[in-house]
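The structure appears right after this line, and notes come after that.
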Amino acid sequence: MTSMLYSRYFIPTMKETPSDAEVVSHQLMLRAGMIRKLASGIYNYLPLGLRSIRKFENIVREEMNKADAIEMLMPSVQPAELWQESGRWAFYGKELLRFKDRKEAEFCMGPTHEEVITDMVRREIKSYRQMPLNFYQVQTKFRDEIRPRFGLMRGREFIMKDAYSFDVDSDAADLSYEKMFNAYMRIFERCGLNFRAVEADTGSIGGSSSHEFMVLADSGEDAIVSCDACRYAANIEKAESPLFTSSCDATHGALQKVSTPEMKTIVDVAGFLKVAPDQTIKTLVYASDTGEIAMALLRGDHELNELKLKNYLGWDEILMASEEQILACTGSPVGFLGPIGLKQDIPVIADRVVKGMVNVVMGANEKDQHYINANRGRDFEVSGFVDIRTVEAGDACPRCESGKLEMWRGIEVGHVFKLGTKYSKALNATYLDANGKEQIIFMGCYGIGIGRTVAAAIEQNHDENGIIFPIPIAPFQCSVVAVNTKDAGVMASAEEIYLCLEKLGVEVLFDDRDERPGIKFKDNDLIGIPLRIVVGSKGLAEGKVELKIRSTGEVQSVPLGEVAATVKQLVEAALRND
RNA sequence: CGGGAUGUAGCGCAGCCUGGUAGCGCACCUGCUUCGGGAGCAGGGGGUCGCAAGUUCAAUUCUUGUCAUCCCGACCA
């Protein structure tokens, strides 16, 4: 079933864009008849969409198998007990869809499978001799996302490849991690995607370190930076800020309070006092969900990275403090905050850059008042210097001497984590080492969003006429368009080419529909078939057909008898991209 | 969950302000013509106007409620 007659297939294309689809990949997947929405974040995969998804899955399977991962399949319905044991039943929140069976026993739809796989492994793995092990599956996940959006990009039900590695110790686990990392690199390279592997925050999955695989696209939900000189790349949530060296030889001026009526922003204050914004300190107050308060200090022209601050403080949630909270700890309205003369003893976290600043301008904790010539040590103290700044394009690379950071938007299509013993400890997954001593297993977990990757590929490869599929994940590699189905010669030649391609193992869609040529061309462009052979009576008179390459628009006239071989070569060249 | 918006035929939309029982384009069906970039003419089918109350002689239109969907934020493959 690699090839297909268009007239007998099912590709419900749409001429107009549905109004509720915002991003290009969503619009095009709907228009190309790949998906249809059943409910918010829940989609039918129509035949064409499923073909692309299966193609990508198979690439993933091949690379997983090559990396010694073993395929299995776990259920999507999971018992509450396991989640209670790992502690996530309480922590996962509303994203975990829970329900009861007829006996009132509690279950959930699996959003991920650490619990289930670890449970299996702890029952079956007893000896160091059985490791390393890596299990993977391609399976439907359910996460009751707060806001599903963008079609397959952020669905509630979605197909994911997840893999879990089990090793005897941290070093062995690092090797497993590296193997998966390299497999992921190959997977996305094989698909012809423009992507970056970036250092990332581990988020709710936990563990010690992780990398995200980001397909570069303007519509991406994540911001990432990469060095133009070395290999450093990171999610902006995680990206380290380079250390700024400041000259500290300036003599300390006298601290002075000055009136700054209605000057609430750094720009206002700096302009009013005629100083550069980098001579000011920005003061922000944050609160945790449990009511803890902390103050953050940054150079005036810098932006805070909330995640860095949150991780440093160890809070579960971080929120801008309310006006009441701010008034209580500083005695001042927003706009004039500073670390001098606080009403409450709260931690004051300063960005590392603040350390070298002297004679700065900062809020005086009094309406319409700022200080000038404020100096740390003499006028105020901080509880710690921490990197809490959001990096910017053009920043120096934190890893190499010469590089500058470039900024991109990315779609997260894969994520690899070193989990350590987080789950194995909670679920008591242990083995006996060579000395007969019980040890805790080290784990890693590795995910790829299957549907999301297909969507990301479309996001990155399209034009005004529709999708331009990379050959490895195209639903069909080639199409044969018979210009006029009433012309027996045209139909006979087209069919001959179709059968020949099929015999050569090319996945071909034969557009044999009794439609006007314009409709066929538009449909073929829309659904993104990479190669198109057009059989028309004019060309046929000279024994030639037209071969068009979707991505470049290049058109060549090829002798009837040679076109199948030519296509076969093009397809093979594209698939050999490993 | 907070903020914003929208629900009228498969898709895209108009009508609603100023109540009188629904219309346009595309798609679909029939016929003829057409046939290398979403054809033309003629005829035709299809709608509980998201749902429920209320006001009214009368509600797609006004009021209230409710549900659904989409967009902006926190979460994530």
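Worth knowing before you read on, the calculation uses all heavy atoms, side chains too, and leaves out hydrogens, waters and symmetry mates. Below, chains carry the letters A, B, ... as their sequence lines are ordered, and counting in each starts from 1. Just so we're clear, the structure is a prediction, and the values are computed from it rather than from any experiment.
In a base pair of the Watson-Crick type (N1 to N3 plus N6-O4 or O6-N4) or a G-U wobble (N1-O2 and O6-N3), with each distance short of 3.5 Å, B:A22 is matched with no nucleotide. When both pairing distances are held under 3.5 Å, B:G46 makes no Watson-Crick or G-U pair with any nucleotide shown. Nucleotide B:U63 is matched to B:A53 when pairs are restricted to Watson-Crick or G-U wobble geometry with both distances under 3.5 angstrom. Across all strands shown, B:A27 has no partner, as no Watson-Crick or G-U wobble contact with both distances under 3.5 Å is found. Checking B:A39 for Watson-Crick or G-U wobble geometry (two distances, each under 3.5 Å) identifies B:U33 as its partner. Pair check for B:C76 finds none; no Watson-Crick or G-U wobble contact set falls under 3.5 Å. In this structure B:A68 sits in a base pair with B:U6, meeting the Watson-Crick or G-U test at under 3.5 Å. Figure legend. B:A14 is base-paired to no nucleotide; pairs are counted as Watson-Crick or G-U wobble with both atom distances under 3.5 Å.
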**Message:** Could you walk me through whether A:E199 and A:H211 satisfy the side chain to side chain contact (heavy atoms under 4.5 Å, CB included) test, starting with their C-alpha distance in whole Å, then the side-chain angles of each, then the deciding distance to 0.1 Å, before giving a yes or no?
**Reply:** CA-CA 5 Å; A:E199 294 178 13; A:H211 285 87; 3.9 Å; yes

**Message:** Would A:L313 and A:E292 count as a side chain to side chain contact (heavy atoms under 4.5 Å, CB included) here? Give the steps.
**Reply:** CA-CA 10 Å; A:L313 294 166; A:E292 290 171 276; over 6 Å; no

**Pair A:R143-A:T112, side chain to side chain contact (heavy atoms under 4.5 Å, CB included): steps then yes or no** = CA-CA 9 Å; A:R143 293 181 190 173; A:T112 176; 3.8 Å; yes

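A donor and an acceptor atom sit less than 3.5 Å apart, one in the side chain of A:E16 and one in the base of B:G25. Scanning atom types as modelled, no donor and acceptor separated by under 3.5 angstrom connect the side chain of A:R143 and the base of B:C76. Interface remark: the A:N484 side chain does not form any donor-acceptor pair with the B:G36 base, using a distance-only criterion of under 3.5 Å. The base of B:G36 has none of its N or O atoms less than 3.5 Å from a complementary donor or acceptor on the side chain of A:R532.
Between A:Y164 and A:F417, the ring center distance fails the sub-6.0 Å criterion. Outside the 6.0 Å centre-distance limit, the rings of A:F476 and A:Y6 are not counted as a close aromatic pair.
Nucleotides B:A52 and B:G38 are separated by 44 Å at their P atoms, to the nearest Å. Only the P atoms considered, B:C71 is 47 Å distant from B:U34, to the nearest whole Å. For the C1' atoms, the distance linking B:C62 with B:C49 amounts to 15 Å, nearest Å. Rounded to the nearest Å, the gap between the C1' atom of B:C57 and that of B:C11 is 39 Å. Rounded to the nearest Å, the gap between the P atom of B:G44 and that of B:G23 is 14 Å. Annotation: B:A27 and B:A39 have their P atoms spaced 7 Å apart (nearest Å). Separation of the C1' atoms belonging to B:U8 and B:G15 is 9 Å when rounded to the nearest angstrom. If you take atom P in B:U60 and the same atom in B:G54, they sit 14 Å apart, rounded to whole Å.
Across B:A39, B:G37, B:G36, the shortest atom-to-atom separation from the side chain of A:K538 is found for B:G36. Taking only side-chain atoms of A:E221, from C-beta outward, the nucleotide of B:A77, B:U69, B:C75 with the closest atom is B:C75. Residue A:E145 places its side chain closer to B:C76 than to any other of B:C11, B:C76, B:U69. The A:E95 side chain lies nearest to B:C75 when the options are B:C76, B:C75, B:A77. In the set B:A77, B:G37, B:U69, B:A77 carries the atom at the smallest distance from any side-chain atom of A:F417.
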Pair up each side-chain donor or acceptor in residues 442-456 of chain A with any protein partner under 3.5 Å, not counting sequence neighbours, and list the distances.
unit_1	atom_1	unit_2	atom_2	d
A:Y446	OH	A:S165	OG	2.7
A:R452	NE	A:M153	O	2.7
A:R452	NH1	A:E412	O	2.8
A:R452	NH2	A:M153	O	3.1
A:T453	OG1	A:G449	O	2.5

Check: residues 526-534 of chain A side-chain donor-acceptor pairs under 3.5 Å, at least two apart:
none

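OP1 or OP2 of B:C72 lies within a sub-4.0 Å distance of a side-chain N or O belonging to A:R147. Between A:S19 and B:C11, a side-chain N or O to OP1/OP2 separation shorter than 4.0 Å is absent. Of the side-chain N and O atoms in A:R516, one or more sit less than 4.0 angstrom from OP1 or OP2 of B:A39. Not one side-chain nitrogen or oxygen of A:R154 sits closer than 4.0 Å to the OP1 or OP2 atom of B:C71.
Taking a centre distance below 5.5 Å and an interplanar angle below 30 degrees as the stacking criterion, A:F521 does not stack against the six-membered base ring of B:G36.
Across the protein-nucleic acid pair, A:D523 atom CG and B:G36 atom C1' stand 15 Å apart, rounded to whole Å.
Note on A:V483: a base of the nucleic acid sits closer than 4.0 angstrom, heavy atoms only.
Judged by closest nucleotide on RNA chain B, A:K486 is the one of A:K486 and A:R31 placed further toward the 5' end. When the nearest nucleotides of RNA chain B are assigned to A:K15 and A:H26 by heavy-atom distance, the more 5′-ward of the two goes with A:K15.
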